[in-house]
Amino acid sequence: MVEIALGTALAAIGAGVAIGFAGLGSGLGQGIAAAGSVGAVAEDNDMFARGIIFTALPETQAIYGFLIAILLLVFSGLLGGGKGLDVTAGLVAVGVGASIGFAGLGSGMGQGIAAASSVGAVVEDNDMFARGIIFTALPETQAIYGFLIAILLMVFGGILG
Amino acid sequence: MADELTTILTSFGIPNEAFLAIIVVVLLVIGAVVVIIVSRPVLDIYPYLLPNAKVRARKGRLFDEKQFSEILEAEDYKEITNYLRGFLDHAKHLDDHSIEKSLDIQLGETYHLLSKIAPSDVKKVFVVLSKKSDISNIKSLIASKEAKLTKDEAENLLIPVGSLYLTCEQLIETNTIEDIVAGLDGTEYAPILEDALSEYKENNMILPLESALDKYFLENLLSASSVPSDDNTRILHSYIGSQVDVANLKTIIRSKADGLKYDDISAHVISNGYQVKEWKLKDLMESESITSIVNGLEGTDYSPILSEALGAYNDTESVSVFEKALDEYIVNYANSLSLKNPLGIGPIIGYISKKEREIKNLKIIIRAKRENNLEMSDIQEMLV
């Protein structure tokens, strides 16, 4: 069995939390948006492209979580290359994962609900598309905050560089 | 810090593996709590996403004010028919049926669609609502027999929607209203009509039969929505309850205008309403005049709108001013409810109310253009 340092194992947990919760939020959000879009497309075929755009928006949270998870795996030495992390850095890595994971969960769900509502508004009135996109983009900010804090934690917590 | 942590763990006799396990367990617990908390609103919203998108798409296809103005400007009802042919929802039945019948079919299909797509917690109400077409067909059948219409004329009155359409079509061949009631044996309407049959035989008027069907429909509608368990069912109950109240108030006001007494009215009134409860209904039915009915409604939403219409009633002595005021109240109330829960029942209520209003207004315009050739401003006055 490969020997893994305690800090590296903690970073692995952080990576799991990052993609796990961000993916959960993103998946729920996309599911909600997709359910609304399917209803809209069933009534109006022309809604397909716009439905896809709204459904794709909550994907970003999973991408942030995925990126952070990859960075944690690479810099903790789990994917080969660098040396293992000490326990302190490992605990920071758990914080990194929690930061993007939970922020992505809330952001993804919120964005999905806003997207489903916007699809309903657009199918009712075409002119609502641009405003719908703006409203749907707003819950993205929470994921961006989580992503920034995760990067800062990695930089100043001794994981990156 | 790592050394300090290791020292602390060692002093408590906790090995590294156990520490990792504790962290994993703590994260799992936090995760489970978060998932449970976030899944509740999602579970409430999820069943409404698809129906709401579908009804909002249909709501977007309803006529706006500008289109209604264009319809109003039409020379005659034939021009309106041609105008409606330009819209898929309206055009699909116009080739086979008259314009009024195609509007009735559309409304029946709307109720049927909602009964199919409505989420399970509110489905029962929409299933009852979809039976409006059956009730309308039975009433048309009875009316056609009473008026001794020919087979073709009677068939033309039936709306080809609902589970009883074929039965009603077969019953056109019957000779009497009693035969129609017998032919409906086995349906939920047979006992209702049998009970009202004696009154029909006594007075030789079909009103008791029609009234019994309307009462049965509204009672069923109210009881289907009568156990509100969450925001969606509460909003739906208030919408249905207000419709029952309005139906009761219309019956009472019209009956009082005709000089009827409590015993004559009570059989046609739904025994319990939403804002106007049983005891209040009794008071209203016992009122001596229309003014005292309006005064008796103080404390309800209906008081200000009926008080406002009272002046116009005193001038015209037509109860239609109250009926129009109540119809407008229902439209405005449905509109306010539709904004209350935009991710729940709101859009469905908004759509059904607006669709009913569209069909009602189109029928008013068509009838006015066909029969009366009224001025545009007069027709506008009649619209809800």
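Here is the naming used below: chain letters follow the sequence lines, and residue numbers restart at 1 for every chain. The basis for the numbers below is simple: all heavy atoms, side chains too, and nothing from hydrogens, waters or symmetry mates.
Ring geometry for F21(A) versus F102(A): interplanar angle of 30 to 60°, hence tilted.
Between D231(B) and R234(B) a salt bridge is recorded (basic side-chain N to carboxylate O distance below 4.0 Å). Residues R61(B) and D44(A) are not paired through a salt bridge, judged by the lack of any N-O separation under 4.0 Å between the basic side chain and the carboxylate.
With a 4.5 angstrom heavy-atom cutoff, V34(B) touches chain A only via side-chain atoms. Contacts between L105(A) and chain B at a heavy-atom distance below 4.5 Å involve the side chain alone, from C-beta outward. Residue contact with chain B, scored on non-hydrogen atoms closer than 4.5 Å, involves the backbone and the side chain of L10(A) alike. When heavy atoms are compared at a cutoff of 4.5 Å, V17(A) approaches chain B solely by way of its side chain, counted from C-beta outward. Interface residue V94(A): only side-chain heavy atoms are found under 4.5 Å from chain B. Residue contact with chain B, scored on non-hydrogen atoms closer than 4.5 Å, involves the backbone and the side chain of A121(A) alike.
Checked by atom type, the side-chain pair Y333(B)/Q243(B) shows no donor-acceptor distance below 3.5 Å. Between the side chains of D134(B) and S163(B), at least one donor-acceptor pair of N or O atoms lies under 3.5 Å.
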